[in-house]
Structure formats: structure tokens, C-alpha cells
Amino acid sequence: MALASVVLNGKKSRIKASEATRKKILDAAKKFGYEPNRNARALRMSRSFLIGVITYDISSSFIPKILTGIEQGFMHTNYSVLPISYHNSEEFAEALETLRKRKIDGLVMITTHFDGFPEELSMWNSVAKVFVGCTPQLENTSSVRADGFTVGKIAAEAFLKRGCRKFIHITHSVYCGNRSGWKETLKRAGIPGKDMIFFNTSLELEKSHKAVKALLLQEPDADCVFADSDITAAAVLKAAKEIGRKVPDDLQVIGTDDSMICQITAPPLSSIWQPKIQQGEAAAKLMLTLLNENKTGALVLPVHLEERESIKPLINEGDKQ
């Protein structure tokens, strides 16, 4: 009986089963329709086998893919995933309280910044936490994120190679992680501050479109735009067409995320690919390591540029990234 329990529940034990014995036990369980009782196991091990996931605005272009990766990462484990989204501090506090009542074993936070959260998370010091998008300094916490600095660096280098002279960077978040890579790369290339324009706008397409259109009219000699989302970059393409700026001849544009939007814009949008499903899968793996081995970790995943018709082709093919 003890040997069957070890095999069926995947427990670590000094009792070992040979492959032949293990196969017989699993075949018998399948034949008779046996399934481990998760609730009984949770009570026995003082675990809920529930992972809470909190994210800001689940409707964005990349969060669903991160959630898909998280779910895939826990697919062949005993854990279930409970995602909750929020739009303000009150909803965030409610989300935490909901997960507290559900007695979750771990918390995954999908966010690009951590300001304003420490007090609300103080009660979670004993809960395993994994952050996707930033790396906070907290106890019992792991993190995974895309390499934001390199995102900005790649975009700046792409425009510099194509002879751009006046650079616009558009973001919808004051916590944008790619601006430092963008700015440092342009500075090293000798671009003066007056030729670097930084602009904040809404992530909503129509609001962004109006603001970007006004910006392009105000800066007629700007010859490239880097946006921190494909939605904003699509707004740039729309505004450019309306005011007679030809892309990529008069204005080159790069977005971020390499979402489906890139395939339906005119012209097709160049974008910085960021790992989305991979971040979710990595978050699940980090969480399992935290829960089972009490080990934390921090991962930074690589990014790259997907070149399409919104930027000029390089004359020298060897110079392509």
C-alpha cells in the first residue's frame, strides 16, 4: 500500500519502485479509474495546491500569453492557477484578500514595476512569490523578465544604422524599462539631447492616435519613432498616413512585443520580440523550485528585432541584426 501511494502521488520517499512495478501500479490505476483526491492530499500536506496570479489589465496584448505560459508550466503538476486582474489600488487590495482567503501556496505578480505594493504585500512574507516583469528585493521571492535595457538598445541601434537623425521615444508608462537602453545608446552615438524626444501617451488606440498625430505635426523633422507597445506604434502609422508622412521613406517606426498587430498594419510593423509564453513557463518553474526546494532565482530573458516594412532595409545585408 505504501509503495502504491508513493507512485500514484509522485511523492519523494526512501521507498523506491522499479520501472516494472511502477508501470504495473499506474496501469492498474488507469484500468480502475483511480485519481488522487486533491482535497485530501492538501489537508494532509497543509497545502492548497493553488497558485494565485495577479496582473494589471488582463486585456493587454501580451498578458494572456504570459498566463498561457504559467498554466502550461503547472499543467503536469498538482497545482491549479487562479488569475485575477486589477485596475486600481482598491481592486489590487481586494485581489490580495481574495487569494488570502483561498489560502494560496504561491503568488505570481505580472507587473513592470513594484512601487506602491510593499505595504500591501507585507502580510505575504511567508508566501512564495514570483514577479514577472520586474525584480523586487523581497524575501522568499523570485523573478523573470525580458531584457528591457536591450529592447531600447536594439531599437536605437536599428535606427542609427539606417541613418536616422531625430529620434522619438513614446511610452504609456512612467516605469518603462527600455528607455534607459534607448537613451544610453543614442548618447554613446553622439546624438544631442535636442534630437531625442520623449513622449508619454495612453495605451488606448484612439487617444494615442490623437496625441501622436499632434506630436508628429509638431516635430516634422523627426525621422523615426520607437514605441513601447505595438498598439502605440500602430497609432503612429495611422497618424503618419493622415498627415502625409510616408513610412518608411519619411518616418521609420518600431514597436514592442511583436504581437499580431504587426501582421495587419500597413505597412507591416517592425517590432522588438519579447518572450511572453516563455516568461510564464519560467515563472511556473521558479515557483515550483521555491515551493519544493525553498530556492529563489532571477531570470532575464533575451529579446530580438523582427524586421518588417516599417523600417528601411539595410544596404549591407551583413549589418543586419
Colleague: Looking at E184 and K187, is there a salt bridge between them, counting it only when a charged N and a carboxylate O are closer than 4.0 Å?
Modeller: no
Colleague: Could you check if a side-chain atom of K103 sits within less than 4.5 angstrom of a side-chain atom of L50, using non-hydrogen atoms only?
Modeller: no
Colleague: Would you call E157 and K161 a salt bridge, using N to O less than 4.0 angstrom?
Modeller: no
Colleague: State yes or no: do V212 and I243 share one hydrophobic cluster built from I, L, V, M, F, W and Y residues joined by side-chain heavy-atom distances below 4.5 Å, directly or via other members?
Modeller: yes
Colleague: Hey, what do you get for OG1 (T289) to CG (N294), rounding to the nearest 0.5 Å?
Modeller: 11.0 Å
Colleague: Return yes when atom NZ of K166 has more than 12 non-hydrogen atoms of other residues, nucleotides or ligands closer than 6.0 Å, and no otherwise.
Modeller: yes
Colleague: Which pair of heavy atoms, one from R165 and one from D195, lies closest together, and at what distance?
Modeller: O-CB, 3.5 Å
Colleague: Do the side chains of H304 and I272 get nearer than 4.5 Å, heavy atoms only?
Modeller: no
Colleague: To the nearest 0.5 Å, what is the distance between CD1 (I231) and OG1 (T201)?
Modeller: 11.5 Å
Colleague: Just one of T111, L107, I110 clears the side-chain contact (heavy atoms from CB on, under 4.5 Å) bar with I54, so which one?
Modeller: L107
Colleague: Assign the ring pair F49 / Y79 to parallel, tilted or perpendicular, where the plane angle (0 to 90°) is split at 30° and 60°.
Modeller: tilted
Colleague: Are M287 and S142 packed together at the side-chain level, in the sense that at least one heavy-atom pair is separated by less than 4.5 angstrom?
Modeller: no
Colleague: Does any N or O in the side chain of K183 come within less than 3.5 Å of the main-chain N or O of G181, such that one atom is a donor and the other an acceptor?
Modeller: no
Colleague: Within a strict 4.5 Å, meaning less than it, do heavy atoms of the V151 and Q274 side chains meet?
Modeller: yes
Colleague: Counting distance only, does the side-chain N/O of D257 pair as donor-acceptor with the main-chain N or O of S259 below 3.5 Å?
Modeller: no
Colleague: Under the side chain to side chain donor-acceptor pair (under 3.5 Å) rule, what do T171 and N200 come out as? Steps first, then yes or no, please.
Modeller: CA-CA 5 Å; T171 180; N200 293 350; 5.1 Å; no
Colleague: Hey, does the side chain of S229 reach the backbone of T232 with a donor-acceptor pair shorter than 3.5 angstrom?
Modeller: yes
Colleague: Applying the 4.5 Å side-chain criterion to the ILVMFWY set and letting contacts propagate, would I104 and Y86 be lumped into a single cluster?
Modeller: yes
Colleague: Work out which heavy atom in S143 is nearest to a heavy atom in C134; give both atom names and the distance.
Modeller: CB-O, 3.3 Å
Colleague: Is the shortest heavy-atom distance from the side chain of M196 to the side chain of H169 under 4.5 Å?
Modeller: no
Colleague: Kindly give the heavy-atom pair with the smallest separation between L269 and R308, and that separation in Å.
Modeller: O-NH1, 2.8 Å
Colleague: Could you go through the side chain to side chain donor-acceptor pair (under 3.5 Å) check for S48 and R102 one step at a time?
Modeller: CA-CA 8 Å; S48 66; R102 295 294 298 271; over 6 Å; no
Colleague: side-chain contact (heavy atoms from CB on, under 4.5 Å) between L160 and T185: does it pass, once the steps are laid out?
Modeller: CA-CA 9 Å; L160 288 167; T185 302; 4.2 Å; yes
Colleague: Please report the closest heavy-atom contact between P275 and L301, naming both atoms and the distance.
Modeller: CG-CB, 3.5 Å
Colleague: Does the side-chain contact (heavy atoms from CB on, under 4.5 Å) test come out yes or no for N178 and T150, once each step is laid out?
Modeller: CA-CA 7 Å; N178 55 46; T150 301; over 6 Å; no
Colleague: How long is the gap from CD1 on I277 to CD1 on I70, to the nearest 0.5 Å?
Modeller: 11.5 Å
Colleague: Measuring from atom CD1 of I311 to atom OG of S271, what distance do you get when rounded to the nearest 0.5 angstrom?
Modeller: 10.5 Å
Colleague: Taking the basic N atoms (NZ, or NE/NH1/NH2) and the acidic carboxylate oxygens, is any pair closer than 4.0 Å for E307 and R162?
Modeller: yes
Colleague: May I ask you to check whether F159 and F226 place their ring centers less than 6.0 Å from one another?
Modeller: no
Colleague: Find the distance between NZ (K295) and CG (L286) and round it off to the nearest 0.5 Å.
Modeller: 12.5 Å
Colleague: Between atom OG1 of T98 and atom CD of E91, what is the distance when rounded to the nearest 0.5 Å?
Modeller: 11.0 Å
Colleague: Hey, any chance L299 and L291 share a hydrophobic cluster, counting ILVMFWY side chains that come within less than 4.5 Å of each other, even indirectly?
Modeller: yes
Colleague: Indicate if L305 and V300 have the same hydrophobic cluster label, given that clusters are the connected sets of ILVMFWY residues with side-chain heavy-atom separations under 4.5 angstrom.
Modeller: no
Colleague: I want to check something: taking the side chain as every heavy atom from C-beta on, are I51 and L82 in contact at a cut-off of under 4.5 Å?
Modeller: no
Colleague: Could you tell me whether the side chain of Q263 reaches within less than 4.5 Å of the side chain of T265, counting heavy atoms only?
Modeller: no
Colleague: What I'd like to find out is whether the side chain of W182 reaches to under 4.5 Å of the side chain of F167, using heavy atoms alone.
Modeller: yes
Colleague: Tell me whether the guanidinium CZ or amine NZ of K285 lies under 6.0 angstrom from the six-membered ring centre of F74 and within 45° of its axis.
Modeller: no
Colleague: Please determine whether side-chain contact (heavy atoms from CB on, under 4.5 Å) holds for the pair T141 and T296, giving the CA-CA distance in whole Å, both sets of side-chain angles, and the decisive distance to 0.1 Å.
Modeller: CA-CA 6 Å; T141 301; T296 60; 5.8 Å; no
Colleague: If you group Ile, Leu, Val, Met, Phe, Trp and Tyr by side-chain heavy-atom gaps below 4.5 Å, do V303 and F149 land in one group?
Modeller: no
Colleague: Give a yes or no answer on whether the side chain of D223 reaches the backbone of C164 with a donor-acceptor pair at less than 3.5 Å.
Modeller: no
Colleague: I'd like to know if the side chain of D230 and the backbone of I261 have a donor-acceptor N/O pair within less than 3.5 Å.
Modeller: no
Colleague: For S208 and A235, which heavy atoms make the closest approach, and how far apart are they?
Modeller: OG-CB, 3.7 Å
Colleague: Quick one: side chains of residues 245-253, donor-acceptor pairs under 3.5 Å with protein atoms, not counting sequence neighbours, listed by atom name and distance.
Modeller:
residue	atom	partner	partner atom	Å
R245	NH1	P220	O	3.4
R245	NH2	A222	O	2.5
R245	NH2	D250	O	3.2
D250	OD2	K246	N	3.0
Q252	OE1	K312	N	2.9

Colleague: Could you tell me whether E281 and K276 have a side-chain N and a carboxylate O separated by less than 4.0 Å?
Modeller: no
Colleague: Which is it for E206 and H209 under the side-chain contact (heavy atoms from CB on, under 4.5 Å) test, yes or no, and what are the steps along the way?
Modeller: CA-CA 5 Å; E206 285 307 313; H209 163 250; 4.1 Å; yes
Colleague: Over all heavy atoms of both residues, which pair between I254 and A158 is shortest? Give the atoms and the distance, please.
Modeller: CD1-CB, 3.9 Å
